[in-house]
Amino acid sequence: MAQILNPLAAHIQTVKKRLIIIGATILVALMVSFAYSGEMVAWLNRPFPNPLVFYGPTEALFASIKVSFLAAILVSLPVIFYQCWKFIEPALLPKEQRWGIPLFALAGALFAFGLIFCNLVILPLVIDFFVSFGMDHDITPQLSVGTYIDFNVKFLLIFGCAFELPLVLTILARVGVVTASALAKYRKHAIIAALILSAIVTPDATLFTMLLMAGPLIVLYEIGILGARIFGRRGPTGVSLPLDPDLPIGPAGQRVR
């Protein structure tokens with residue numbers, strides 16, 4: 001029993017240590033970015049021509065905290081990825097470890113590109129569409145800072161995560177979980193799933209925003225198929241475990257370094 005509990009306790013301690021490092025990094029980044037929250041709110045306010053207002057005593061404060069927290073997450077991404085990498089590194093073979101840092105760097109770049117694409121392309125279209133719709137009906141736009149920032153932050157996080165889809169599909173194909181032909185076969189199902197997911201995760205359930213979310217998801221799925229076709233595993237995908245009980249067992253299960 002002790003042989004099971006001791007490694008488990010060591011893993012829990014390692015997870016705790018790395019989570020503390022990540023939490024402390026985000027907290028420090030949050031305090032630093034809060035000093036620039038006004039500039040970040042003004043940057044997000046670019047697509048909307050009028051100044052934002054607040055209707056409650058704490059609304060402006062919490063809006064600043066939200067945008068500062070998003071900035072803190074972005075600034076802390078290198079530390080977050082590094083701590084995740086150091087946690088899983090002992091379970092990988094040397095040839096697999098060589099791919100670790102490039103994959104984490106690519107994941108961070110895709111997340112950042114998703115944020116940039118959303119901020120420069122999607123959000124201006126969405127905000128202009130809804131504001132113009134209200135003004136065409138002789139309604140004066142007056143947005144609260146809390147609602148506006150919450151709308152922006154949700155869109156940014158959704159697109160940042162969505163842009164990881166090609167990398168996820170490529171990795172799954174590389175380890176043999178899926179194949180490019182299977183992904184292509186279920187393309188229609190993926191399109192329907194993208195539409196349903198877009199209707200669920202978008203801050204407002206309108207057809208316009210749903211299509212703006214589903215369109216990039218479908219394109220990203222196609223890129224994932226291409227990545228699976230180029231980098232996917234060739235040949236049989238089954239894993240052969242050693243049958244000899246005298247073979248040493250490495251830290252990556254029954255794989256020997």
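Expressed to the nearest 0.5 Å, how far CD1 of Ile225 lies from OH of Tyr186 amounts to 13.0 Å. Rounding to the nearest 0.5 Å places CD1 of Ile200 at 11.0 Å from CD1 of Ile158. One finds the CD atom of Gln83 at 4.0 Å from the CD1 atom of Ile21 (value rounded to the nearest 0.5 Å). Atoms OG and CG, from Ser144 and Asp150 in turn, are 9.5 Å apart once rounded to the nearest 0.5 Å. The distance from the CG atom of Leu74 to the CG atom of Leu115 is 5.5 Å, given to the nearest 0.5 Å. The CD1 atom of Ile218 lies 5.5 Å from the CG atom of Leu195; values are rounded to the nearest 0.5 Å.
Listed by first then second residue, pairs satisfying ring-ring contact (aromatic ring centres under 6.0 Å, His included) with a partner in residues 106-126 read Phe113-Phe163, Phe117-Phe163, not counting sequence neighbours.
A single hydrophobic cluster is seen to contain both Phe155 and Leu197, as judged by linkage of ILVMFWY side chains at heavy-atom distances under 4.5 Å, directly or through other members. Residues Phe62 and Phe151 fall into different hydrophobic clusters, defined by Ile, Leu, Val, Met, Phe, Trp and Tyr side chains chained together at heavy-atom separations under 4.5 Å. Tracing side-chain contacts under 4.5 Å through hydrophobic residues (I, L, V, M, F, W, Y), one never reaches Val53 starting from Val131; they form parts of separate clusters. Under the 4.5 Å side-chain heavy-atom criterion for grouping Ile, Leu, Val, Met, Phe, Trp and Tyr, Leu220 is connected to Leu172 within one hydrophobic cluster. No continuous path of ILVMFWY side-chain contacts below 4.5 Å connects Val79 to Ile20, so the two sit in separate hydrophobic clusters.
Annotation: Tyr82, atom OH; neighbour count of heavy atoms from other residues, nucleotides and ligands within 6.0 Å does not exceed 12. Environment of OH in Tyr55: crowded, with over 12 heavy atoms of neighbouring residues, nucleotides or ligands closer than 6.0 Å. Within 6.0 Å of atom CZ in Phe69, 12 or fewer heavy atoms from other residues, nucleotides or ligands are found, so the atom counts as exposed in its surroundings.
For the pair Ser33 and Met40, the tightest heavy-atom approach, listed with the atom from each and the gap, is O-CE, 3.2 Å. The minimum heavy-atom distance between Leu183 and Ala228, with the atom names listed, is CD1-CB, 3.9 Å. Ala35 and Glu39 make their closest contact through O-OE1, 4.1 Å (heavy atoms, listed as atom of the first residue, atom of the second, distance). Closest approach of Asn119 to Arg46, counting heavy atoms only: OD1-NH2, 2.9 Å. Residues Val178 and Leu169 approach most closely at CG2-O, 4.1 Å, considering heavy atoms. Pro166 approaches Thr170 most closely through the heavy-atom pair O-OG1, 2.7 Å.
Checked against ring-ring contact (aromatic ring centres under 6.0 Å, His included), Phe159 has no partners two or more places apart in sequence or in another chain.
Ile191 is not listed as a side-chain neighbour of Tyr221, based on a closest heavy-atom distance of 4.5 Å or more. Glu222 is not listed as a side-chain neighbour of Leu226, based on a closest heavy-atom distance of 4.5 Å or more. At a threshold of 4.5 Å between non-hydrogen side-chain atoms, the residues Ile80 and Phe104 do not count as touching. Leu143 is not listed as a side-chain neighbour of Thr147, based on a closest heavy-atom distance of 4.5 Å or more. Side-chain contact between Glu59 and Val145: present, with at least one pair of heavy atoms (C-beta onward) separated by less than 4.5 Å. A 4.5 Å side-chain heavy-atom check between Asn152 and Ile127 finds at least one atom pair inside the cut-off.
Within the 3.5 Å criterion, the main-chain N or O of Leu44 finds a donor-acceptor partner in the side chain of Tyr148.
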